[in-house]
Number of protein chains: 2
Amino acid sequence: MKNTIKVLRAEHDLTQADLAEKVAVSRQTINAIEKGKFDPSLPLAFKISRLFNKSIEEIFTAEE
Amino acid sequence: MKNTIKVLRAEHDLTQADLAEKVAVSRQTINAIEKGKFDPSLPLAFKISRLFNKSIEEIFTAEE
DNA sequence: TCCTTATGTAAATAAAACTTTACTTTTAGT
DNA sequence: ACTAAAAGTAAAGTTTTATTTACATAAGGA
């Protein structure tokens, strides 16, 4: 499961801490997701996708 | 987090056990998700949505 | 260089997702 | 009514996601 969060953050000029706050998780959680350490929960994926006005499929891709 | 899995299953004539097998989880997991006991992981949500040829947003909705 | 902000990482813990086993209830067919 | 299949449920245990604290590194500006 890959994602484009880092790019979306850059486009919106948000730090990991900014994004973490907006979706109500810890900064380390955002970092871990970006680094591919684990996948977000479905509710968290929804929060992130709504924040960036993208569909979940546009942000996350199941690398088969 | 609500979902329309029960309806989609009916449309595709699949039992909970059938669906569980297709997405490689236990029947109880499908049951629990349908009953709203917990949300699927993001990878599982992807598997289900691809099986039914729907977007994740079409199947799952964050009830506020 | 010094200081600050952002990012990366790690260990311990907590919480949520999922499994396994097993039993009960519902539903539908004959 | 009887039977079989499907659905519901529950407890105990494992795995994965997320938190907290804490420290280390990278990058840039003053």
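Naming convention: chains lettered A, B, ... in sequence-line order (proteins, then strands); numbering from 1 in each chain. For the numbers below, each heavy atom of this structure counts, side chains included, while hydrogens, waters and symmetry mates do not.
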Do the side-chain N or O atoms of [X] get closer than 4.0 angstrom to the phosphate oxygens (OP1, OP2) of [N]?
| X | N | value |
| --- | --- | --- |
| A:Ser41 | D:dT16 | no |
| A:Arg27 | D:dT20 | no |
| A:Gln28 | D:dA22 | no |
| A:Thr29 | D:dT19 | yes |
| B:Arg9 | D:dA7 | yes |
| B:Lys6 | D:dG8 | yes |
| B:Asn31 | D:dG8 | yes |

**OP:** Hey, which sits more toward the 5' end of DNA chain D by its nearest nucleotide, B:Lys37 or A:Leu42?
**Re:**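 In this pair, the answer is B:Lys37.
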So, does [X] use its side chain to make a donor-acceptor pair with the main chain of [Y] at under 3.5 Å?
| X | Y | value |
| --- | --- | --- |
| A:Thr4 | A:Val7 | no |
| B:Arg27 | B:Gln16 | no |
| A:Glu58 | A:Ser55 | yes |

Quick check for you: among C:dT7, C:dC18, D:dT19, whose closest atom lies nearest to any side-chain atom of A:Val25?
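For the A:Val25 side chain, the nearest candidate turns out to be D:dT19.
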| When you measure from the side chain of A:Lys35, which nucleotide among D:dT9, C:dT9, C:dC18 comes out closest? |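 Per side-chain heavy atoms of A:Lys35, the pick is C:dT9.
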Hey, are the side chains of A:Ser49 and B:Glu57 touching, using non-hydrogen atoms and a 4.5 Å cut-off?
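They are in side-chain contact.
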